[in-house]
Amino acid sequence: PVFAGMKGSAIENFSCVIYNIFLMNCTWQAGRDAPADTQYFLYWQKSRDEEEMECEHYIKDENCRNVGCIFQNVSIGIEKAYFLVNGSSKDSLIQFYDEYIDLYKIEILTAPLNVTAHCTRDPTGCIITWHPPLTSHVENTKCFQYEISIQNK
């Protein structure tokens, strides 16, 4: 059955972000009614064609329970990635949690690179230049929009 396991034992507040181009951090909280000895395990699959992978670097809470994971060498594809967190306990069955996520939607982009400002007293004022941020999935850097906030004139 889809919801086999003790009610309230599945994880809550699952969230993932991709940062520094290829690192992904996923976190969650233990189910509110999960037994104290419950341990959780995260698996993800980038696409239907790729193998499912278990987390290699778990983040643990004060009770040594897995509450997060750091993945390295993540690349963003065009399909939604599939995430599954299941659990085990000696006392009861634990409900699993799963979700499909568009990885490009959870990427935190780096700041633009090589930002320079050349200011003069003539009417042109300041010329500010930069290079697009590094990203693992945007091929057309003309897609970026920038906002400049000038603090002091």
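Note: hydrogens, waters and symmetry copies are ignored here, and every other heavy atom, side chains too, is used.
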Shortest non-hydrogen separation from Ile106 to Cys16 and the atoms involved:
CB-O, 3.4 Å
For the residue pair Ile94 and Phe41, establish whether any side-chain heavy-atom pair is separated by less than 4.5 Å.
no
Treating Arg65 as the side-chain partner and Tyr40 as the backbone partner, does any N or O pair qualify as donor plus acceptor under 3.5 Å?
no
Roughly how far, to the nearest 0.5 Å, is CG of Asn25 from SG of Cys69?
8.0 Å
Nearest-0.5 Å distance that lies between atom CG in Asp91 and atom CG in Asp37:
5.0 Å
Heavy atoms only: give me the nearest Ser75-Lys46 pair and the separation to one decimal.
OG-NZ, 2.5 Å
For residues 47-57, which side-chain donor-acceptor pairs fall under 3.5 Å, sequence neighbours excluded?
| from | atom 1 | to | atom 2 | distance (Å) |
| --- | --- | --- | --- | --- |
| Ser47 | OG | Asp49 | N | 3.4 |
| Glu54 | OE2 | Tyr58 | OH | 3.0 |

Of all the heavy-atom pairs spanning Lys60 and Val67, show the shortest one and how long it is.
C-CG2, 4.0 Å
Please check if the number of heavy atoms outside Ile78 that lie under 6.0 Å from its CD1 is greater than 12.
no
I'd like to know if Ile70 and Ile108 are part of one continuous hydrophobic network [Ile/Leu/Val/Met/Phe/Trp/Tyr, side-chain heavy atoms within less than 4.5 Å].
yes
hydrophobic_cluster_shared for Val115 and Ile127, side chain cutoff 4.5 Å:
no
Tyr19 OH to Glu107 CD distance, which is reported to the nearest 0.5 Å:
12.5 Å
Rounded distance [0.5 Å steps], CH2 in Trp130 versus CD1 in Ile148:
4.0 Å
Honestly curious: do Tyr43 and Leu93 fall in one hydrophobic cluster under the side-chain, below-4.5 Å linking rule?
no
Can you see which heavy atom on Pro132 is nearest to which on Tyr146, and at what distance?
CA-OH, 3.3 Å
First locate atom CG of Leu84, then atom CG of Leu42, and finally report the distance between them rounded to the nearest 0.5 Å.
8.0 Å
Hphob cluster co-occupancy, Ile21 + Val17, side-chain heavy atoms under 4.5 angstrom:
yes
So does Gln39 get a backbone contact from the side chain of Asn66, meaning a donor-acceptor N/O pair under 3.5 Å?
no
Is a side-chain N or O of Ser9 found less than 3.5 angstrom from the main chain of Gln95, in a donor-acceptor match?
yes
Test Met6 against Asp33 for side-chain contact (heavy atoms from CB on, under 4.5 Å), laying out the working first.
CA-CA 8 Å; Met6 186 175 87; Asp33 296 326; 4.3 Å; yes
Quick one: does Asp61's side chain have a donor or acceptor within less than 3.5 Å of a partner on Asn63's backbone?
yes
Can you confirm if the aromatic rings of Trp28 and Tyr97 lie within a centre distance of less than 6.0 Å?
no
Going from CG on Leu23 to CG on Asn73, what distance comes out if it is rounded to the nearest 0.5 angstrom?
8.0 Å
